[in-house]
Amino acid sequence: MKKSILTILISLAATINCYSGDDFSFTNEFKKRKLLIALQEENPKTIEELNKKGKQNLIESYKANVKRDNEITKKVFTEYWKDTPIEFILESKITSLTEDELSKSAIMMHEAASNEGVEFMYYNIAIIQVLTNKKGNKSYDKYDKFFKVSLEDDVVSYADLLLLTKKMKTLFDYDKQFDQTQLNTKLASKTLLIDKESCELSEEDMKSNYDFPFKLVSRQELLESKNSKDPKTLYVKVDLYAGMPNFLIIDSENGQVIARSTIAGLVKVSFNGPSGSFNSNGQLATISEKASNRVTYNSCMTCGISGGEIIRLYTAKAKLKKAVIRVLNNQKQQIKFYSDLTPY
């Protein structure tokens, strides 16, 4: 929110080297450590900027959002993360820790971001490992895992963080992924709630394309159901997977992803840079904080003939369509095409 979660940890020491973790078992090392969860703090620069722009009426809202973000983070992780020890720490305190102190924990930070027109909260879990050579000299390697949840508001909801903890448990092998051979049974046993304001489907469209119980509801009804962990409902959520917007069906009761589908019906426009002008394994992506934008490299999903793809635009909003609901509804297609259900 104030600083890039990537830069705040990198800046801790000039000797830290960053790796993708190919030759390092992130999961095994994560399980040995306490999880330090960074809490947000009010940013004086944000408050100063709001004052300068004459938006004093937004300052209290901003402060309330910071407080609410921290309250929800502490509540959900206290209730649902029992797999490793946890400790909540103010983000500013992390920069005061030494590399040796940081190397004893996994550190999780988060900030608001935007990609492909989807607003989400972006979580970075970093592990710093101390390496000592034969002469006793120390160096520090940093490894990262990234998670995200799309947002309906400026602050993550209870259901958003329930989904986040389920993603983490799945990736770190504490929980198994949903058994797709049980999809039809699951869909038949619960009612799928769909926000009628974010889809293009009528009641008749749904009856023709979805074989199980469903209900078109207001956004508020959907939020109340999933944030109360309703054991009788499922809900549809937009997420990002490999840089592409996806629709997920999620179990309200436990945040588990039970079906997904890549989005259909959007027109993509891409621009490619001259060959060699950009990192051959990267594309430029914008990370926004509402008030400002930054540009950073993400893994390249589609590098063009003339060089790395530097920008992708979708010309339509992500809305639920018939083709998508038919895929979410189809157990055979889910098993065949979507073995990896959980977009991190």
Side-chain angles (χ1 to χ4, degrees), residues 1-16 18 35-77 86-99 101-102 105-128 140 142 144-158 160-161 164 240 282-298 310-311:
M1 292 181 174
K2 300 190 295 296
K3 294 183 180 180
S4 166
I5 53 180
L6 300 176
T7 58
I8 195 170
L9 285 173
I10 293 172
S11 64
L12 292 174
T15 55
I16 293 177
C18 300
L35 178 61
L36 288 182
I37 302 173
L39 299 177
Q40 300 299 317
E41 298 174 84
E42 294 174 11
N43 186 352
K45 290 184 179 180
T46 299
I47 295 173
E48 181 183 355
E49 186 175 342
L50 290 172
N51 272 318
K52 283 182 178 179
K53 292 182 177 180
K55 297 181 178 180
Q56 289 82 4
N57 59 315
L58 297 181
I59 293 176
E60 287 307 310
S61 176
Y62 165 72
K63 291 180 177 181
N65 282 345
V66 172
K67 182 179 178 181
R68 187 156 60 102
D69 182 282
N70 289 337
E71 288 174 347
I72 294 172
T73 298
K74 288 191 285 187
K75 179 177 177 59
V76 174
F77 275 90
I86 60 172
E87 179 183 340
F88 300 102
I89 182 171
L90 290 175
E91 190 176 80
S92 61
K93 297 295 183 182
I94 291 177
T95 57
S96 68
L97 299 177
T98 67
E99 290 87 352
E101 288 174 323
L102 289 168
S105 302
I107 306 104
M108 185 170 78
M109 305 181 75
H110 65 284
E111 67 178 354
S114 178
N115 194 2
E116 304 293 15
V118 179
E119 296 294 327
F120 59 95
M121 197 65 78
Y122 196 87
Y123 291 81
N124 172 207
I125 298 179
I127 285 178
I128 295 172
Y140 303 88
K142 185 170 78 72
D144 300 280
K145 291 293 181 185
F146 301 100
F147 300 85
K148 54 195 173 304
V149 287
S150 60
L151 300 177
E152 292 87 11
D153 200 352
D154 290 336
V155 178
V156 291
S157 67
Y158 187 93
D160 290 333
L161 283 189
L164 175 71
L240 293 174
Q283 69 180 29
L284 288 171
T286 300
I287 295 179
S288 67
E289 295 183 16
K290 305 288 185 185
S292 64
N293 290 314
R294 296 185 297 279
V295 175
T296 183
Y297 268 100
N298 281 348
I310 62 173
I311 190 168

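Just so you know, these numbers use all the heavy atoms, side chains as well, and skip hydrogens, waters and symmetry mates. We number each residue from 1, following the sequence as shown.
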Quiz item: Which atom names give the shortest non-hydrogen contact between His110 and Gln40, and what distance separates them?
Solution: O-NE2, 3.1 Å
Quiz item: Where do Leu151 and Met121 come nearest, in terms of heavy atoms and distance?
Solution: CG-N, 3.8 Å
Quiz item: So, do Phe77 and Met108 sit near enough that their side-chain heavy atoms are less than 4.5 Å apart?
Solution: yes
Quiz item: With a 4.5 Å limit on heavy-atom distance, are the side chains of Leu161 and Leu164 in contact?
Solution: yes
Practice problem: Could you pull out all residues at least two apart from Ser150 that satisfy side-chain hydrogen bond (donor to acceptor under 3.5 Å, both in side chains)? | Solution: Lys237
Quiz item: Got a sec, which residues hit side-chain hydrogen bond (donor to acceptor under 3.5 Å, both in side chains) with Lys75, two or more places apart in sequence or on another chain?
Solution: Glu79
Self-check item: Heavy-atom donor-acceptor pair, Glu99 side chain to Tyr140 backbone, under 3.5 Å
Solution: no
Quiz item: Is a donor on one side and an acceptor on the other found under 3.5 Å between the side chain of Glu87 and the backbone of Leu36?
Solution: no
Quiz item: For Ala106, what residues pass the side-chain contact (heavy atoms from CB on, under 4.5 Å) criterion, not counting sequence neighbours?
Solution: Phe30, Leu35, Ile125, Ile127
Quiz item: Who pairs with Asn65 by side-chain contact (heavy atoms from CB on, under 4.5 Å), at least two apart in sequence or on another chain?
Solution: Ser61, Arg68, Asp154, Val155
Quiz item: Between Asp160 and Ser157, is a side-chain hydrogen bond (donor to acceptor under 3.5 Å, both in side chains) present by the stated rule, with each step listed?
Solution: CA-CA 5 Å; Asp160 290 333; Ser157 67; 3.1 Å; yes
Practice problem: Sequence neighbours left out, what passes salt bridge (charged side-chain N to carboxylate O under 4.0 Å, His left out) with Glu60? Give chain and number order. | Solution: none
Quiz item: Who passes salt bridge (charged side-chain N to carboxylate O under 4.0 Å, His left out) against Lys52, sequence neighbours left out?
Solution: Glu48
